[in-house]
Structures are given as C-alpha cells and as structure tokens.
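Worksheet for the structure shown next.
Excluded from the calculations below are hydrogen atoms, water molecules and symmetry mates; all remaining heavy atoms, backbone and side chain alike, are included.
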Amino acid sequence: LSLAFITSPLDRAAEIRNSSNRLNELAAVGASCCVAVLGDQVQTEAGQVFIQRGAIAAGSVFLGLDENKTAWFARPAVETSELTGLRDLMLAGDADAGLLSILAQARSMVGWHATHGFCAKCGAATDMADAGYRRHCAGCGADHFPRTDPVVIMAVVEGDAMLLGRQAAWKPGMYSALAGFMEPGETIEQAVAREVREEAGVVVHDACYVACQPWPFPSSLMIGMVAKAASRDLKIDHSEIEDARWFSKTEIRQMLERTHPDNLYAAHPYAIAHRIISAALEEIESAG
Ligand SMILES: [Zn+2]
C-alpha cells in the first residue's frame, strides 16, 4: 500500500474545456467514462466503482483524457444508487491507484459545484462553465473557480525524538503528525511554526518540504513537512488536540510497523502522515 490519490493517469486537457463541440464528440463516443459521487461517497455496483460508458449527462465535469484518449467525466450520484465511501474504497486496498486518484478529482469537483451554486458577490444563481472548471454569474459577471485548501502537516523532531499528537475523534492508540489549515498571507514555513506553537506550545525552525497529497475531503492539499524543535517543552491546547507527546525513535518505528507494546500506532501508509513520519525517522536514524 502506498500514498493514495497521487497517481492520476489523466491529462486534464484544459485546452478543450471550452470546446463544447469537442467535449460533445468525446462524450458521444462509446468509450468515454463517467464516475458518479455524492459527498464523500462513490457510486458502486456490487462493491466495485461504477463507471458509466457512453453518453454523458449534461452538466458533467470533464476530468481529462487517459492514455487511450478516453475522456473521463464526473457527475453527481443519486441518493438511491449503491454508494461506497471513498475512504472505504481506499482502505479496502483493491481499487486501482489511478482510479482512486480520478475519484479524488471527481469528489472535489462535484462537491464544489454542489456547494457553490450561488454567487458570493451578489447572491444570484451561477452556471457551470469551462466543462466544470468555472462558475459564471450572469447577474454581476463574476467568475468563480474551484478551490483547493492547503493544509500543512508536519513531523517535528528534536534530537532523537519525534512529536506526534492525536485528536479525540481518532480511534484509540492512533498518533499522527500535527496539521492545520494555512491562513491567508502566510508562507508554508510560517503556517508550520504557527500550528505547532498553537497546538503543542513548541517553537520550531528549519521546516523542510517532504511531499504533498491531494486529500479530497472535500478538497485539501496536504503539504508534508519535517521541522526541528528548539526544545521538548510542551504546552498542549486541549481545545485543538487531545494529546501530544515526544516519542523515541524505537517507539516511532514500532508505531509505523504496528508492533508498539501499548498498541499505539501511526497513520496508515495511504496517508501522507505515514510518509513524513518515515522521512523524519530516517533523518533521526541517519543523524544518530
Ligand atoms: Zn454575481
């Protein structure tokens, strides 16, 4: 199992989003594919992702072209269809990694349309344009674009120890990297420093980028970082997190491998937290 949602096979082919002739042609071809989503759920058939071939409903979002030049679209699913959570599909581990990435794009795009039907400037109803990559307001002329919300997620190290935290809503025993939404006007490094100070009272420096991951619940981009702490003093904000602790490198290894004697464990390999905790552990081990 590896990081989910990062292996889309699609060329987004933005140059044809404005060509309704070309899109209609693509949609009419029997080989075109359409997935359907409703919130975090995906339409399935006997547990498998349902892919509708052929004619594409008006108002579908154009996702892109695969390596065979087959066009992929996404549309809202109806509540009465068989639905499976996108997280459950990911956890089951048998869905194709490319298809999961397509579903991530579909979930974020269809979700954006479902919640942005009205103009934020004047309140009038808006219409889909650019095959789903814009909504236009005929009332005031404003254009609205799909959003991506950046989130910083960071493993914090000091010497041979690593700081991880947990939220009350998580299953017992799970610890992960601290994380939080970036705020307007911040750099990524400033957001890392602010979140770690707010949640754990720890001052960090030298934040370095490791990797990123689209996280379609509904449309985040997880920016994975490793940062160094000035000290191990903790002042936890319990309104934000349930707990935060420094773990030894031995414990971190056990938590990644799920062999910790107290049944503590780190995030699943599908999530970027696992990747950055692993990267930080390698850094600690190579330094020590
Ligand atoms: Zn408007």
Side-chain angles (χ1 to χ4, degrees), residues 5-6 8 10-27 34-43 56-65 71-79 83 85-87 101-153 179-195 198 212-223 239-240 272:
F5 309 133
I6 63 164
S8 176
L10 301 185
D11 167 3
R12 295 186 177 218
E15 67 279 4
I16 61 173
R17 286 176 189 163
N18 277 313
S19 169
S20 50
N21 284 345
R22 185 82 185 97
L23 285 167
N24 286 332
E25 269 172 39
L26 287 167
C34 187
V35 293
V37 296
L38 185 68
D40 290 346
Q41 300 199 296
V42 176
Q43 185 174 346
I56 304 301
S60 297
V61 175
F62 174 58
L63 300 177
L65 304 172
W72 284 74
F73 295 84
R75 63 168 171 81
V78 293
E79 278 179 50
L83 298 168
L86 181 52
R87 280 187 180 82
S101 301
I102 292 172
L103 291 170
Q105 182 187 3
R107 188 268 170 270
S108 293
M109 290 299 297
V110 172
W112 178 70
H113 286 287
T115 53
H116 290 76
F118 295 89
C119 180
K121 276 190 176 166
C122 78
T126 55
D127 296 309
M128 186 187 284
D130 294 353
Y133 280 78
R134 180 165 61 98
R135 293 192 72 88
H136 182 72
C137 174
C140 74
D143 286 310
H144 303 279
F145 298 93
R147 56 187 292 170
T148 297
D149 301 322
V151 173
V152 287
I153 178 163
F181 283 102
M182 291 189 63
E183 294 184 354
E186 274 183 324
T187 66
I188 292 171
E189 292 83 354
Q190 287 166 347
V192 167
R194 177 182 52 75
E195 283 291 341
E198 283 176 4
C212 68
Q213 180 185 33
W215 193 246
F217 305 105
S219 57
S220 293
L221 176 68
M222 309 299 288
I223 303 170
S239 69
E240 291 225 25
I272 196 166

Please tabulate, for the side chains in residues 121-128, all donor-acceptor contacts under 3.5 angstrom to protein atoms that are two or more places apart in sequence or on a different chain.
residue : atom : partner : partner atom : Å
Thr126  : OG1  : His116  : O            : 3.3
Thr126  : OG1  : Gly117  : O            : 3.0
Thr126  : OG1  : Arg135  : NE           : 2.9

Check the pair Val35, Val42 against side chain to side chain contact (heavy atoms under 4.5 Å, CB included), reporting the backbone distance first and the verdict last. CA-CA 8 Å; Val35 293; Val42 176; 5.6 Å; no

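At distances below 3.5 Å, not a single donor-acceptor pair connects side-chain atoms of Gln41 with backbone N or O atoms of Leu38. A distance-only check finds a donor-acceptor pair linking the side chain of Gln213 to the backbone of Ile272 [under 3.5 Å]. Put simply, the side chain of Thr148 never gets that close to the backbone of Ser220: no donor and acceptor are under 3.5 Å apart.
Among residues two or more places apart in sequence or in another chain, the side-chain contact (heavy atoms from CB on, under 4.5 Å) test is passed with Thr187 by Glu189, Gln190. Residues meeting the side-chain contact (heavy atoms from CB on, under 4.5 Å) test with Ala104, sequence neighbours left out: Phe5, Pro216. By the side-chain contact (heavy atoms from CB on, under 4.5 Å) test, Ala131 pairs with Arg17, Leu23, Phe62, sequence neighbours left out. Contacts of Phe217 classified as ring-ring contact (aromatic ring centres under 6.0 Å, His included), with partners at least two apart in sequence or in another chain: Trp215. The side-chain contact (heavy atoms from CB on, under 4.5 Å) search around Ser19 returns Asn21, Arg22, not counting sequence neighbours. For Glu240, there are no side-chain hydrogen bond (donor to acceptor under 3.5 Å, both in side chains) partners, not counting sequence neighbours. Under the rule for a side-chain hydrogen bond (donor to acceptor under 3.5 Å, both in side chains), the partners of Arg75 that lie at least two apart in sequence or sit in another chain are Gln52. For Arg134, the side-chain hydrogen bond (donor to acceptor under 3.5 Å, both in side chains) test picks out Asp130, Asp143, with sequence neighbours left out. Residues satisfying the side-chain hydrogen bond (donor to acceptor under 3.5 Å, both in side chains) criterion with Gln105, sequence neighbours excluded, are Tyr133.
The CG atom of Leu63 sits 7.5 Å away from the CD1 atom of Ile102 when rounded to the nearest 0.5 Å. Ser108 contributes atom OG, which lies 11.0 Å from atom NE2 of His113 (distance to the nearest 0.5 angstrom).
At a threshold of 4.5 Å between non-hydrogen side-chain atoms, the residues Ser101 and Ile6 do not count as touching. By the 4.5 Å heavy-atom criterion applied to side chains, Asp40 and Arg107 are counted as neighbours. Looking at Pro146 and Ser219, their side chains never come closer than 4.5 Å, going by heavy atoms from C-beta outward. Contact of the Leu26 side chain with the Leu65 side chain is registered, since non-hydrogen atoms from C-beta on lie closer than 4.5 Å.
Counting heavy-atom neighbours within 6.0 Å of Glu15 CD, excluding the residue itself, gives a total above 12.
Nearest heavy-atom pair across Ile223 and Cys212 is CA-CB, 4.3 Å. Nearest heavy-atom pair across Gly132 and Met109 is O-CE, 3.1 Å. Of all heavy-atom pairs spanning Pro214 and Leu221, the tightest one is N-CD1, 3.9 Å. Nearest heavy-atom pair, Glu186 versus Ala191, reported as atom, atom and distance to 0.1 Å: OE1-CB, 3.4 Å.
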